[in-house]
Amino acid sequence: MKKVLFFDIDGTLLNSELKIPEGVKRELKRLKEAGHYLFVASGRPLAFISNQIIDAGFNGFVLCNGAHVELNNETIYENRIPYEKVNDLMNLLESVDCEYDFETATDCYIDSAYHDFIEFFKVCDIRHEKLITDYDKEEVMHRTLKIEISAKKDHDKIIDYIADKFYFDHHGTANSFEICALDTSKAKGVQKVLEYLHIDKEHSYAFGDGLNDLEMIHYVGHGIAMGNAVDELKKIADEVIGHVDEQGLEEYLKTIEE
């Protein structure tokens, strides 16, 4: 029976040196050649999936925290934020001290005046050609899957507004927010993959380390938390494996039969 495996990126696929360990690459290759399906499951948009991950040969991607799902370079599911909600949110964001971007199924769009945000992205392991500063804002707002916000203040005002209108996630620092449509989660993206492939949930595996992996780890047949995962994830996982820097993922993948 074919299996489907879903992998978070930072702290799961990537070690503390931001590399996919060679042993993990070998196991991924073995499992793919055996006919199993391999997916990245990340909060990142496709524009922020680095070349080392693309080159690793995954069958598909569950991105923007589940709002965008691809299989073999074909989009099989998209959950765009309704235009009216994007427009209303923009009115709020323009009234507070923050910078933000629009993330779609293809690219990331950011105002050229947002120097701090752009400088931050320059040091990130992303495909920088996908970061676009010259664009039609109205057109992009109709295709938006996720909005990322960097706010130096006014956090409470932003949270009060988005709390019951959007799915949102703090990440990295308390200054950053990821905002998607209200019914978004990695678990929803995983569900769409399994339905599309007609594979039962009991044959699905998910690996993660962060809070935005909670729904996914709980949903799949085999939810695996890394040894470096947050305690909340370890509590609900079916199994806790070794630390990402101590070959935890490689050793577990070796136990999955072809």
Side-chain angles (χ1 to χ4, degrees), residues 4 6-10 12-13 37-50 53-54 58-90 93 100-110 121 124 126-127 130-132 135 137 139-150 158-159 161-172 176-197 204 206 208 210-220:
V4 191
F6 300 89
F7 301 87
D8 176 53
I9 296 179
D10 298 295
T12 303
L13 271 178
Y37 293 96
L38 308 178
F39 282 79
V40 168
S42 174
R44 301 187 193 191
L46 188 60
F48 290 176
I49 299 299
S50 66
I53 294 172
I54 298 233
F58 289 91
N59 298 97
F61 300 90
V62 175
L63 301 173
C64 293
N65 287 319
H68 175 208
V69 181
E70 282 198 2
L71 173 62
N72 297 327
N73 300 312
E74 176 187 353
T75 297
I76 63 171
Y77 174 71
E78 251 190 28
N79 189 22
R80 297 179 180 182
I81 305 174
Y83 170 81
E84 294 76 15
K85 281 196 168 185
V86 177
N87 190 56
D88 291 346
L89 178 60
M90 290 306 100
L93 295 182
Y100 59 86
D101 67 18
F102 300 98
E103 299 175 5
T104 71
T106 55
D107 300 286
C108 176
Y109 302 85
I110 187 168
F121 285 132
C124 294
I126 65 175
R127 289 180 289 162
K130 294 288 188 177
L131 193 63
I132 297 172
Y135 60 97
K137 185 174 180 179
E139 188 275 329
V140 168
M141 286 168 62
H142 281 89
R143 296 189 289 116
T144 297
L145 299 171
K146 192 180 81 170
I147 296 166
E148 193 163 343
I149 301 171
S150 177
I158 294 171
I159 290 175
Y161 181 82
I162 66 177
D164 61 350
K165 299 180 181 68
F166 300 90
Y167 163 93
F168 75 97
D169 177 43
H170 277 303
H171 70 99
S176 299
F177 303 85
E178 293 182 343
I179 297 174
C180 298
L182 192 58
D183 57 342
T184 300
S185 74
K186 287 187 181 182
K188 184 75 170 287
V190 167
Q191 178 187 1
K192 295 298 180 181
V193 170
L194 297 178
E195 290 174 352
Y196 188 89
L197 294 174
S204 62
L211 292 175
N212 70 345
D213 298 314
L214 280 167
E215 295 94 342
M216 175 176 71
I217 295 296
H218 185 263
Y219 177 80
V220 296

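The basis for the numbers below is simple: all heavy atoms, side chains too, and nothing from hydrogens, waters or symmetry mates. If you read the sequence from its start, that first residue is 1, and numbering goes on from there.
Between Ile147 and Val86 the shortest side-chain heavy-atom distance falls below 4.5 Å. Side-chain atoms of Leu214 and Leu211, non-hydrogen and from C-beta on, do get closer than 4.5 Å to each other. For the pair Tyr161 and Phe166, the minimum side-chain heavy-atom distance is below 4.5 Å. Under the 4.5 Å side-chain criterion, counting only non-hydrogen atoms from C-beta, Phe58 is in contact with Leu13. Leu89 places none of its side-chain heavy atoms less than 4.5 Å from the side chain of Tyr100.
The nearest pair of heavy atoms linking Lys186 to Gly43 is CE-N, 4.0 Å. Scanning both residues, Gly189 and Val62, for their nearest heavy atoms gives CA-CG1, 3.9 Å. Of all heavy-atom pairs between Ala105 and Glu78, the closest is CB-OE2, 3.1 Å. Minimum interatomic distance between Ala181 and Tyr167 (heavy atoms only, all atoms of both residues): O-CB, 3.3 Å. Counting all heavy atoms, side chain and backbone alike, Ala47 lies closest to Thr106 at CB-O, 4.0 Å. Annotation for Met216 and Ala41: closest pair SD-CB, 3.6 Å, computed over non-hydrogen atoms.
Judged purely by atom type and a 3.5 angstrom limit, Lys192 has no side-chain atom pairing as donor or acceptor with the backbone of Tyr77. Side-chain atoms of Asn59 do not come within 3.5 Å of backbone N or O of Phe39 as any donor-acceptor pair. Panel note: side chain Arg127, backbone Ile49; a donor-acceptor pair is recorded below 3.5 Å.
Separation of atoms CG (Leu197) and OG (Ser204) is listed at 11.0 Å; rounding is to 0.5 Å. The structure places CG of Leu63 at 10.5 Å from CD of Glu103, a figure rounded to the nearest 0.5 Å. Rounding to the nearest 0.5 angstrom, the gap separating the OH atom in Tyr135 from the CE atom in Met141 is 9.5 Å. For the atom pair OG (Ser176) and CG (Asp169), the distance works out to 10.0 Å, reported to the nearest 0.5 Å. Cys64 SG to Ile179 CD1: the interatomic distance, rounded to the nearest 0.5 Å, is 13.0 Å. Considering CG of Asp101 and OG1 of Thr144, their distance stands at 9.0 Å, rounded to 0.5 Å.
Within 6.0 Å of OH in Tyr196 there are 12 or fewer heavy atoms belonging to other residues, nucleotides or ligands. Around CG of Asp183, the count of heavy atoms belonging to other residues, nucleotides or ligands within 6.0 Å exceeds 12.
Looking only at atom types and distance, the side chain of Thr184 has no donor-acceptor partner in the side chain of Asn65 under 3.5 Å away.
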Checklist entry - Between Phe48 and Ile9, is a side-chain contact (heavy atoms from CB on, under 4.5 Å) present by the stated rule, with each step listed? => result CA-CA 11 Å; Phe48 290 176; Ile9 296 179; over 6 Å; no
Next on the checklist: Would Val193 and Val69 count as a side-chain contact (heavy atoms from CB on, under 4.5 Å) here? Give the steps.
Outcome noted: CA-CA 8 Å; Val193 170; Val69 181; 3.5 Å; yes
Checklist entry - For Ile158 and Phe168, what are the C-alpha separation, side-chain angles and deciding distance, and is it a side-chain contact (heavy atoms from CB on, under 4.5 Å)? => result CA-CA 11 Å; Ile158 294 171; Phe168 75 97; over 6 Å; no
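For Glu70, the side chain to side chain donor-acceptor pair (under 3.5 Å) test picks out His68, with sequence neighbours left out. Scanning for side chain to side chain donor-acceptor pair (under 3.5 Å) contacts around Ser50 gives Asp125, with sequence neighbours left out.
By the 6.0 Å and 45° rule, Lys137 does not stack over the aromatic ring of Phe102.
A salt bridge is absent between Lys165 and Asp88: the closest approach of a Lys/Arg side-chain nitrogen to an acidic carboxylate oxygen does not fall below 4.0 angstrom.
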